[in-house]
A.B. asks: 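A single structure is presented below for examination.
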Protein chains: 2
Amino acid sequence: MASRQVTLAEVAKHAGVSLATASRVLNGSTRQVSEELRERVVGTARELGYLPNASAQALARNSSVLVGLVVHDIADPYFSSIAAGVTRIAEDAGLVVVLGTTGRDPRREVELVNTLRAHRARAVVIAGSRTTDRYSSQRLAEEITAFTAQGGRVACVSQAKLGVDTVVPANRSGARALARQLAALGHRKFAVLGGPPDLLVARDRVAGFKAGLADAGLDLPEANIVRSGFTRDGGYAAVSDLVAAKTGATCVFVVNDVMAMGAMAALREHGLRVPEDVSVAGFDDIPTLRDLVPALSTVRLPLEDMGERAAGLVLDDVVAGPRTVRVAGEVVLRASTSSPSGTGLR
Amino acid sequence: MASRQVTLAEVAKHAGVSLATASRVLNGSTRQVSEELRERVVGTARELGYLPNASAQALARNSSVLVGLVVHDIADPYFSSIAAGVTRIAEDAGLVVVLGTTGRDPRREVELVNTLRAHRARAVVIAGSRTTDRYSSQRLAEEITAFTAQGGRVACVSQAKLGVDTVVPANRSGARALARQLAALGHRKFAVLGGPPDLLVARDRVAGFKAGLADAGLDLPEANIVRSGFTRDGGYAAVSDLVAAKTGATCVFVVNDVMAMGAMAALREHGLRVPEDVSVAGFDDIPTLRDLVPALSTVRLPLEDMGERAAGLVLDDVVAGPRTVRVAGEVVLRASTSSPSGTGLR
DNA sequence: AGCGTGTTGGAAAGCGCTTTCCACATCACT
DNA sequence: AGTGATGTGGAAAGCGCTTTCCAACACGCT
């Protein structure tokens, strides 16, 4: 069934040249080949429908054309935006993107890098926050070391924790600036939907927000921070706890947009109006946000751009040590936040 | 810099066995190896940190562990939902997903399948509608033939035009059912944002919608169909034309949700309220829809499921000819559609 | 003529693995 | 003891390509 594939050897034979010459013609070898032979080879290759065997090339060259991309969940707009950036750059460079999804399982992350290593992938971009879990971080670090030792390049989008090139969004300062602007709106009591306690992005954003409130002479009691999953459903679910906590908050900061969307849905179902009863702000500015009503205030991150930057880091030929690209966050106040009017969450 | 990798030969030597034995132990060979040797090999492999070279395996076995996934734009929720389904199934099966994006360029589609063929990918899932463009369809068909001739499997998500296994959503009947329900709501004058004229999904949906209106004794004048790109911005841009056309329509059907989201934003900017001034319905039920206000009426397609089905088609070992999996669409009426109240678009 | 230099083609040695053979033991059964 | 069947290990031949090395030749010089 599987028809025999045309090989370089056949092309060479048909063209009456050696294997070496055929190889030199059909790939960007440095060696020159006379115009006459070159044409003959190219001609027969086209005629026979020759297609190089990528596995054989990868083996012979000890390097492939593969670039790994590791995300938690490709259906999440945050990751799919980053993925769009990464694929654009990689494909423009003639490379092939391998997509791996972890489902937020750190072990799976290690597994994926391992697989990529087995494939002699040229590089890998790991998107998705690190956690405080020492064990899996350790395993991942080892796997990454092995990968780089083998000549592969690695970049992360998140915290600069792994000793590799990293694109770091301004989680702290972005959240801090947001807090200040919300305080300037007149809010005095805040609540935070803070995501999982062990997730570094979430921690950074909460810490930054707290710092921003402190700048305004405000405090964020620990009791006003509700923990939940970093997903839409996490945000949705957290609202029950939030309401039960009777914090009296007039403004809620949610550590990412996807969670914020879930939270807004839940608030609606609780009969609370945004922003009349409570203001809501998120973080990331995922593309889908612009069609939300009320439009969600947030801290804008250039997600697709961040993907491009990460891919760029990993594909250039700079040999310097771990580089860090800092990406600023821009506070965007929209309809979901207003000056406090009601009594807040009580 | 690139440290030498541990090879099977080294493992074999350290374990004091032949290359053949080592290979048999470390891969699912049918051949038996005595418990003693097996343990010795596994032990040294672990000790030395052996990782098989996937390229070499692919070459020797003449088959790889790669599965291609070709989409137009991974940042589009329609595609990222399908992608999530495909990756889930593929990764569960221990395969590796290669993501290719076309940017809606048919030539790029051909290019990607070609690359996948060069990599001896085991299968490829092509998501994204066919067009009426004969030339590029022809080229793609040839490429697919070459791919299958080589033992690869191909499945599409869209129209069953390519002679391969296909997951076909009920575009026609879904749109038809939607039209009937909208007519039952009392609407008499409709407009359609129809997407690109050469795109088959778009054509099918428009045709289905027209048929549904006909069922209700209503006509859809050609002048009430506005053409534009199949993207959010396409939907956004089309609204100007729509308004200028002064169709008097009280209800607008938009051929996909992403376009509908753009259209709703544009309608808002035109000072038109949904659904008071005009009802709007879309198609697909992308996940982000559930947080839209007003919630968009649509025809629900189980997108992630469709991705899983497509991956399933391509990974099972049925040898039967081209199969077609039909997926039903379920009309979901939400807040964006109501009985007509105003004068419509005039 | 003799020599170095540069250019171009080909033979062949890998790259790291799988898999076919073949050899040898062992075992059950005449 | 002799026969086949069965189980297990190893040698070696690929898989399709890249790249080193060498040979051949054409130059431009002295």
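In the text below, chain A, chain B and the rest are named by the order of the sequence lines, each starting its count at 1. Side chains included, hydrogens not; waters and symmetry mates left out as well; all remaining heavy atoms used.
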A.B. asks: From the list dC17(D), dT18(C), dG16(D), which nucleotide is the closest neighbour of the side chain of R61(B)?
C.D. replies: dT18(C)

A.B. asks: Can you measure Q5(A) atom CD to dC15(D) atom C1' for me and round it to whole angstrom units?
C.D. replies: 13 Å

A.B. asks: Rounded to whole Å, how long is the line connecting atom CG of N53(A) with atom C1' of dG16(D)?
C.D. replies: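 Result: 6 Å.
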
A.B. asks: Give the rounded distance in Å between these two atoms: CG of L19(A) and P of dC22(D).
C.D. replies: 19 Å

A.B. asks: Given the structure, check if the side chain of R24(B) and the base of dG10(D) hold any donor-acceptor pair shorter than 3.5 Å.
C.D. replies: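 Donor-acceptor pair under 3.5 Å: yes.
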
A.B. asks: Side-chain N or O of N27(A) versus OP1/OP2 of dT18(D): is the shortest distance under 4.0 Å?
C.D. replies: yes

A.B. asks: Within this structure, what is the CZ-to-P distance between R38(A) and dT8(C), rounded to whole angstrom?
C.D. replies: 11 Å

A.B. asks: Could you say whether A56(B) or S34(B) is positioned toward the 5' end of DNA chain D, judged by the nucleotide with the nearest heavy atom to each?
C.D. replies: S34(B)

A.B. asks: With a 4.0 Å cut-off, would you call R139(B) and E109(B) a salt bridge?
C.D. replies: no

A.B. asks: Take the protein atom CG of L8(A) and the nucleotide atom P of dA11(C), then report the distance between them rounded to whole Å.
C.D. replies: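 Rounded to whole Å, this separation is 15 Å.
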
A.B. asks: Quick one: is Q57(B) getting a side-chain N or O under 4.0 Å of the dG16(C) phosphate, OP1 or OP2?
C.D. replies: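 No, no such contact exists.
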
A.B. asks: So, are R130(B) and D198(B) salt-bridged, with charged N and O less than 4.0 Å apart?
C.D. replies: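 Between D198(B) and R130(B) there is no salt bridge, as every charged N stays at least 4.0 Å from the carboxylate O atoms.
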
A.B. asks: From CD of Q150(B) over to C1' of dC15(D), roughly how many Å is that when rounded to an integer?
C.D. replies: 14 Å

A.B. asks: Between E36(B) and R40(B), is the closest basic N to carboxylate O distance under 4.0 Å?
C.D. replies: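 A salt bridge links R40(B) with E36(B).
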
A.B. asks: Measure from CG on L37(B) to P on dT8(D) and round the result to the nearest Å.
C.D. replies: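 Interatomic distance, CG of L37(B) to P of dT8(D): 11 Å.
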
A.B. asks: Which nucleotide in the list dG16(C), dC17(D), dG10(D) gets nearest to the side chain of A20(B)?
C.D. replies: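 Looking only at side-chain atoms, A20(B) lies closest to dG10(D).
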
A.B. asks: Looking only at side-chain N and O atoms, does S18(B) come under 4.0 Å of OP1 or OP2 in dA11(D)?
C.D. replies: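 S18(B) to dA11(D) OP1/OP2: no side-chain N or O under 4.0 Å.
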
A.B. asks: Should the pair R107(A)-D133(A) be classified as a salt bridge under the 4.0 Å nitrogen-to-oxygen rule?
C.D. replies: no

A.B. asks: Without decimals, in angstroms, what is the distance between Q32(B) CD and dT19(C) P?
C.D. replies: 17 Å

A.B. asks: Looking only at atom types and distance, does a side-chain atom of R120(A) sit under 3.5 Å from a main-chain N or O of S64(A), one as donor and one as acceptor?
C.D. replies: no

A.B. asks: Let me know, please, whether T7(A) or T21(B) comes out on the 5' side of the other along DNA chain D by nearest nucleotide.
C.D. replies: T21(B)

